[in-house]
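The structure under discussion appears below in the form of structure tokens.
Because the structure is predicted, anything quoted here is derived from the model rather than measured.
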Amino acid sequence: MYFPEYRLRRFRRTENLRRMIRETVLTVDNLVYPLFVMPGEDIKNPVRSMPGIFQFSVDQLLEELKSVVRLKIPGIILFGLPQEKDERGSEAHSQTGVVQEAVRAIKDKYPELVVITDVCLCEYTSHGHCGILHGQEVDNDSTLDVLAKVAVSHARAGADIVAPSDMMDGRVGAIRHALDENGFDQVAILAYSAKYCSAFYGPFRDAADSAPQFGDRRAYQMDMANTDEALREVDLDIDEGADMVMVKPALAYLDVIYRVKTEFERPVAAYNVSGEYSMIKAAAAQGWLDEKRVMMETLTAIRRAGASLILTYFAKDAAEILQG
């Protein structure tokens with residue numbers, strides 16, 4: 001059947017008709033809210049390059065979580081800013097570290113909230129790289145033991161999911177082994193499996209104070225031109241024990257999200273990263289676009305590509321709209 005008998009516009013006439021045949025549904029259940037926690041008390045520092053985003057002390061983080069719980073956002077991911085940094089990122093696996101303290105406080109007050117912790121060393125090392133240095137290069141294998149210690153310390157504090165974001169080869173297997181050996185076989189691993197070396201991370205480095213002091217991260221994060229390699233990374237991480245895999249960033253890599261989703265029988269997460277957030281905020285501040293509509297279009301596109309979870313700084317704003 002062809003035009004004029006067949007008219008696709010018939011189901012576009014009203015909002016209820018559009019809702020009835022909508023193929024992709026975005027809900028609050030798909031959202032994870034990233035948060036930055038730092039030592040101290042009564043701290044709520046605005047992140048200059050990310051309007052509406054803050055660095056929180058633990059007490060203020062608990063205040064922020066009141067609205068997260070009210071909006072029924074199911075989970076958060078924590079990034080820590082340590083008291084001190086050293087070449088080995090030692091504070092990352094300290095039981096008195098800021099992330100560990102935050103996890104304990106959150107689980108005490110909001111036990112049902114899913115707490116994901118970022119497992120990486122870049123925020124904790126004096127050089128800003130994601131692993132242990134050997135000269136001017138990150139030593140893959142000596143980094144694995146440290147990452148495993150970080151993951152166990154987070155699990156011991158009460159984390160539900162640990163999320164290694166360092167892109168070291170073999171780190172998922174090392175973390176899974178360490179978790180199981182220490183009695184944390186129920187703690188899940190969300191692997192940053194396809195994490196690209198991206199210019200979209202710039203504002204995050206303001207928020208997490210994690211910019212490398214020399215060079216860049218191209219020797220361990222993925223080349224932006226590659227998609228077959230992303231599938232190999234995902235395949236290896238699943239073999240090593242990843243429960244869920246992630247593609248990061250999201251918007252410039254929707255094709256990668258789609259390929260991962262169609263190739264593997266695993267839940268896929270996508271990180272709607274800081275640069276993607278800040279671009280929309282900046283354009284909206286200039287009156288160049290409708291922030292809410294672009295936000296929802298962006299998140300729906302990520303969901304449509306195949307993401308089950310979307311880590312996004314828009315989580316609270318989107319939840320307000322989705323909750324009606």
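- Val273 and Pro249 make their closest contact through CG2-CB, 3.7 Å (heavy atoms, listed as atom of the first residue, atom of the second, distance).
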Practice problem: Could you walk me through whether Asp166 and Leu121 pass the side chain to side chain contact (heavy atoms under 4.5 Å, CB included) test, one step at a time? | Solution: CA-CA 7 Å; Asp166 53 285; Leu121 301 183; over 6 Å; no
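- Between Ile175 and Ala148, the closest heavy-atom pair is CG1-CA, 4.1 Å.
- Both Val69 and Leu309 are assigned to one and the same hydrophobic cluster, defined by single-linkage of ILVMFWY side chains at heavy-atom distances under 4.5 Å.
- Note that CG of Leu31 is 6.5 Å distant from CG of Leu322, once rounded to the nearest 0.5 Å.
- Between Arg217 and Cys122, the closest side-chain pair of non-hydrogen atoms falls below 4.5 Å.
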Exercise. Decide yes or no on side chain to side chain contact (heavy atoms under 4.5 Å, CB included) for Glu291 and Lys281, but give the supporting numbers first.
Key: CA-CA 7 Å; Glu291 180 180 328; Lys281 283 287 188 179; 2.8 Å; yes
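- In the displayed structure, Arg10 atom CZ is contacted under 6.0 Å by more than 12 heavy atoms of other residues, nucleotides or ligands.
- The closest donor-acceptor contact from the side chain of Asp290 to the backbone of Arg293 lies under 3.5 Å.
- A search for ring-ring contact (aromatic ring centres under 6.0 Å, His included) contacts involving Phe36 returns Phe79, Phe204, not counting sequence neighbours.
- Expressed to the nearest 0.5 Å, how far CD1 of Ile132 lies from CG of Asp141 amounts to 12.0 Å.
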Self-check item: Residues His154, Thr117; criterion side-chain hydrogen bond (donor to acceptor under 3.5 Å, both in side chains); working and verdict
Solution: CA-CA 7 Å; His154 291 176; Thr117 57; 2.8 Å; yes
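- Partner of Tyr253 under the ring-ring contact (aromatic ring centres under 6.0 Å, His included) criterion, out of Tyr258, Tyr271, Tyr196, Phe200: Tyr196 alone.
- For the atom pair CH2 of Trp288 and CD1 of Ile280, the computed distance is 14.0 Å after rounding to the nearest 0.5 Å.
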Exercise. Given salt bridge (charged side-chain N to carboxylate O under 4.0 Å, His left out), test Arg232 with Glu229 step by step and report yes or no.
Key: CA-CA 5 Å; Arg232 293 196 294 273; Glu229 184 186 8; 5.3 Å; no
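- A side-chain contact (heavy atoms from CB on, under 4.5 Å) with Met246 holds for exactly one of Leu190, Val234, Val268; it is Leu190.
- Annotation: cation-pi pair Lys248/Tyr192 absent, no NZ/CZ under 6.0 Å from the ring centroid and within 45° of its normal.
- Residues Asp59 and Ser57 bring a donor and an acceptor atom of their side chains to less than 3.5 Å of each other.
- Using modelled atom types, one finds no donor on one side chain facing an acceptor on the other under 3.5 Å when comparing His93 with Tyr124.
- Hydrophobic clustering (ILVMFWY, side-chain heavy atoms < 4.5 Å, transitive): Leu61 and Val98 are in one cluster.
- Under a 4.0 Å N-O distance rule, the pair Arg259/Asp228 qualifies as a salt bridge.
- With no hydrogens or angles considered, no side-chain donor-acceptor pair links Asp86 and Ser126 at under 3.5 Å.
- Distance CD/Gln136 to NE2/His129: 7.5 Å, rounded to 0.5 Å.
- To the nearest 0.5 Å, the span separating NZ on Lys109 from NZ on Lys66 amounts to 5.0 Å.
- For the pair Lys261 and Ala305, the tightest heavy-atom approach, listed with the atom from each and the gap, is CB-O, 4.4 Å.
- Side chain to side chain, Thr125 and Lys85 fail the donor-acceptor criterion of an N or O pair below 3.5 Å.
- Atom-to-atom distance recorded for Ile53:CD1 and Tyr277:OH is 4.0 Å, nearest 0.5 angstrom.
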Exercise. Would you sort out whether Asp145 and Lys149 count as a salt bridge (charged side-chain N to carboxylate O under 4.0 Å, His left out), showing the intermediate values?
Key: CA-CA 6 Å; Asp145 181 57; Lys149 288 179 180 178; 3.7 Å; yes
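- Under a cut-off of 6.0 angstrom, the local environment of CD in Glu87 is sparse, with at most 12 non-hydrogen atoms contributed by other residues, nucleotides or ligands.
- Of the possible polar contacts, one joining the Arg18 side chain to the Arg12 backbone as a donor-acceptor pair under 3.5 Å is found.
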Exercise. Please test Asp118 against Val162 for side chain to side chain contact (heavy atoms under 4.5 Å, CB included), starting from the C-alpha separation and ending with a verdict.
Key: CA-CA 6 Å; Asp118 180 74; Val162 294; over 6 Å; no
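- Between Ser49 and Val47 there is a side-chain heavy-atom pair separated by less than 4.5 Å.
- Ala318 approaches Leu299 most closely through the heavy-atom pair CB-CD1, 3.6 Å.
- The number of heavy-atom neighbours closer than 6.0 Å to CD of Glu265, taken from other residues, nucleotides and ligands shown, is 12 or below.
- Enclosure of atom CD in Glu297 is not indicated, since only 12 or fewer non-hydrogen atoms of other residues, nucleotides or ligands lie within 6.0 angstrom.
- Ionic pairing of Asp160 and Lys107 is present here: one or more N-O contacts between side-chain nitrogen and carboxylate oxygen are shorter than 4.0 angstrom.
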Enumerate, atom names and distances included, each donor-acceptor pair closer than 3.5 Å involving a side-chain atom of residues 236-245, sequence neighbours excluded.
residue, atom, partner, partner atom, Å
Asp237, OD2, Arg171, NH1, 3.3
Asp237, OD2, Ser193, OG, 2.7
Glu240, OE1, Val172, N, 3.3
Glu240, OE1, Gly173, N, 2.8
Asp243, OD2, Ile189, N, 2.8

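- Heavy-atom contacts from other residues, nucleotides or ligands closer than 6.0 Å to CZ of Arg304 number 12 or fewer.
- Within a 6.0 Å sphere centred on CD of Glu15, heavy atoms belonging to other residues, nucleotides or ligands number more than 12.
- Other residues, nucleotides and ligands place no more than 12 heavy atoms under 6.0 Å from the CD atom of Glu41.
- Under 4.0 Å is where a charged nitrogen must lie from a carboxylate oxygen, and between Asp180 and Arg176 at least one such pair does.
- Other residues, nucleotides and ligands contribute at most 12 non-hydrogen atoms within 6.0 Å of the CE atom of Met224.
- Checking side-chain atoms of Glu91 against main-chain N and O of Glu84 turns up a donor-acceptor pair under 3.5 Å.
- Salt-bridge check for Asp223 with Arg218: failed, with every basic side-chain N at 4.0 Å or more from each acidic carboxylate O.
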